[in-house]
Colleague: 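One structure follows; several queries about it will come next.
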Protein chains: 2
Amino acid sequence: MAKKLAKSAISQKRVLDAAAKIFRDFGYAGTTMRAIADEADLKAGSIYYHYKSKDELIGAVLDIGVNAVTQRVTEALAALPPEATGRQRVEVAIAAHLSAIIEVGDYTLATRRVAGQVPEAISARNTRLRDSYGAMWQQIMNDAQQRGEFKTTASLTLSRLFILGALNWTVEWYKPGGRSVEQIARDFASFVLDGLSGGAAPLPVEFSEAATEPHDNPRPRIRSA
Amino acid sequence: MAKKLAKSAISQKRVLDAAAKIFRDFGYAGTTMRAIADEADLKAGSIYYHYKSKDELIGAVLDIGVNAVTQRVTEALAALPPEATGRQRVEVAIAAHLSAIIEVGDYTLATRRVAGQVPEAISARNTRLRDSYGAMWQQIMNDAQQRGEFKTTASLTLSRLFILGALNWTVEWYKPGGRSVEQIARDFASFVLDGLSGGAAPLPVEFSEAATEPHDNPRPRIRSA
DNA sequence: CCTGAAACCTAACACTAGTTAGAAAATGGA
DNA sequence: TCCATTTTCTAACTAGTGTTAGGTTTCAGG
């Protein structure tokens with residue numbers, strides 16, 4: 001199984017991508033091995049050559065969703081000079097998080113929609129991953145506050161939960177044709193750091209309110225009944 | 001069916017509550033009529049005396065989730081004097097939204113977790129409800145900006161999406177024993193309006209950072225396999 | 001106590017689920 | 001070309017799904 005992997009790897013990836021798509025659209029129980037197989041141009045039985053069960057598959061999908069984001073944000077933060085301000089760190093983390101979850105959107109959405117439906121044994125490991133990612137954010141924010149950059153009276157723990165909740169929700173309404181990820185990240189950072197009422201505009205945006213109005217339910221492909 | 005409803009109504013409610021709970025934990029396809037029946041102290045076949053299909057049931061659950069929030073926020077805003085500032089309106093809307101989604105938490109969570117897995121015909125109506133609720137928020141924010149209360153450079157449409165995303169995400173980590181809903185609402189409003197870096201504290205909070213650290217996965221009841 | 005409607009249950013139907021064992025095809029080095 | 005290994009398919013099994021038809025219980029009102 002792990003000797004000279006070569007041809008198998010591409011099929012494995014195809015199955016994984018297909019699984020993410022189907023899980024995202026139909027949830028854990030709603031996803032059938034036959035539907036995944038169909039999406040991956042395979043027969044249902046053949047999946048078991050690559051993954052030994054449906055649970056192992058969903059486990060792989062879940063982990064990819066979180067790890068991709070964690071890795072991207074970690075790298076982006078590491079690339080920052082040591083003298084970077086807390087504000088800059090937050091901005092960079094937001095941009096990295098956003099671009100990551102949109103790039104691996106199928107996995108992110110699958111993770112979001114399926115977490116809490118999956119058997120406990122599988123979700124436990126994934127929860128640990130998410131927790132440690134949250135701790136990373138917490139540290140950024142605590143540092144910034146200790147430096148005196150944050151003057152908010154709100155709990156930083158709650159703020160972190162708000163930020164990550166809103167960030168992750170983005171994949172639900174984001175549509176490729178509309179606003180660019182960079183623009184969304186900028187607006188988000190501005191919103192998070194200065195709020196609605198504050199904000200002495202550092203750089204004026206070209207056109208603040210226009211363009212495509214995002215819609216709530218971007219994914220119509222639902223089974224008949 | 002709608003002649004002299006009396007005894008049937010309480011059973012109907014029991015089934016509905018049970019359905020919300022099960023849908024929230026297992027998703028659309030993962031929810032079985034037998035599991036709902038079990039939770040409601042009933043046999044599976046008996047559900048069909050109250051609801052003619054699983055789809056009708058999920059439709060009812062979805063609508064309750066949205067309508068409860070819409071109604072509560074509408075009332076809270078209507079109770080405000082006409083001279084209320086945009087800032088006050090936002091604060092009130094946040095508090096009302098939060099208390100509503102936590103009170104009918106089972107329905108809210110069911111709605112959140114199941115939307116997108118449900119057949120299109122059912123989700124369509126529900127999406128309309130959510131859209132009109134979003135429009136209500138949009139109006140509050142536009143008004144406030146036109147009055148000159150908001151100085152943010154970020155798109156108000158995006159801001160609204162961020163706010164509602166973060167608000168709805170609250171039910172995922174809220175735990176009854178921890179911080180009070182009012183405290184969370186205050187922090188959230190402060191965060192939304194003044195951001196992290198701003199915020200000339202109007203009223204100092206008693207203890208800003210302490211108490212129960214919320215945990216990510218508050219619902220362990222997952223089927224074995 | 002009778003009665004008819006309301007509320008519920010039982011048992012089954014047709015169908016689909018995840019999974020598996022074994023046969024068949026594809027692959028690549030000798 | 002041959003062969004051994006890898007990869008895929010076929011066909012089936014068991015368990016569990018939503019739903020229904022018809023019988024049974026519950027219960028208010030006469």
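In the text below, chain A, chain B and the rest are named by the order of the sequence lines, each starting its count at 1.
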Colleague: On DNA chain D, check which nucleotide each of Arg34(A) and Met33(B) is closest to and give me the residue with the more 5' one.
Modeller: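 Residue closer to the 5' terminus by nearest nucleotide: Arg34(A).
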Colleague: With respect to the phosphate group of dG18(D), does any side-chain polar atom (N or O) of Lys54(B) fall under 4.0 Å of OP1 or OP2?
Modeller: yes
Colleague: Nearest-Å distance, CG (Asp38(B)) to C1' (dC9(C))?
Modeller: 14 Å
Colleague: Nearest whole angstrom, please: distance from the P of dG18(C) to the CG of Leu57(A).
Modeller: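 About 11 Å, once rounded to whole Å.
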Colleague: Nearest whole Å is fine: how far is dA7(C) P from Gln12(B) CD?
Modeller: 10 Å
Colleague: Salt bridge between Asp41(B) and Arg14(B), side-chain N to carboxylate O under 4.0 Å?
Modeller: no
Colleague: Between His50(B) and dA6(C), does any side-chain N or O lie under 4.0 Å from OP1 or OP2?
Modeller: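 Answer no for this pair, as no side-chain N or O of His50(B) is under 4.0 Å from OP1 or OP2.
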Colleague: State the CG-OG1 distance between Asp25(A) and Thr31(A), to the nearest 0.5 angstrom.
Modeller: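 Answer rounded to 0.5 Å: 8.0 Å.
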Colleague: Using whole Å, what does the distance between atom P of nucleotide dA17(C) and atom CD1 of Ile47(A) come to?
Modeller: 12 Å
Colleague: Do other residues, nucleotides or ligands put more than 12 heavy atoms under 6.0 Å from Gln139(A) CD?
Modeller: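 Incorrect, the count does not exceed 12.
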Colleague: Starting at CD1 of Ile10(A) and ending at C1' of dT6(D), how long is that distance when rounded to a whole Å?
Modeller: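 So the two atoms are 14 Å apart, to the nearest Å.
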Colleague: Mark yes or no: Lys54(A) above the aromatic ring of Phe23(A), with NZ or CZ under 6.0 Å from the six-membered ring centre and no more than 45 degrees from the axis.
Modeller: no
Colleague: In this structure, how many angstroms lie between the P atom of dA23(C) and the OH atom of Tyr49(A), rounded?
Modeller: 18 Å
Colleague: Give a yes/no on whether any side-chain N or O of Tyr48(A) is located under 4.0 angstrom from OP1 or OP2 of dT19(C).
Modeller: yes
Colleague: Would one find a side-chain N or O of Ser53(B) under 4.0 angstrom from OP1 or OP2 of dG18(D)?
Modeller: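 For dG18(D), OP1/OP2 do not have a side-chain N/O of Ser53(B) under 4.0 Å.
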Colleague: Nearest whole Å is fine: how far is dA26(C) P from Lys43(A) NZ?
Modeller: 14 Å
Colleague: Within this structure, what is the NZ-to-P distance between Lys13(B) and dA7(C), rounded to whole angstrom?
Modeller: 18 Å
Colleague: Taking NZ, NE, NH1 and NH2 as the nitrogens, is one of them in Lys13(B) or Asp17(B) under 4.0 Å from a carboxylate oxygen of the other?
Modeller: yes
Colleague: Counting only side-chain nitrogens and oxygens, does Thr32(A) get under 4.0 Å of the OP1 or OP2 atom of dT16(C)?
Modeller: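 It does not, given that no N or O in the side chain of Thr32(A) lies less than 4.0 Å from OP1 or OP2 of dT16(C).
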Colleague: Check whether any side-chain N or O of Ser46(B) sits under 4.0 Å from OP1 or OP2 of dC9(C), and answer yes or no.
Modeller: yes
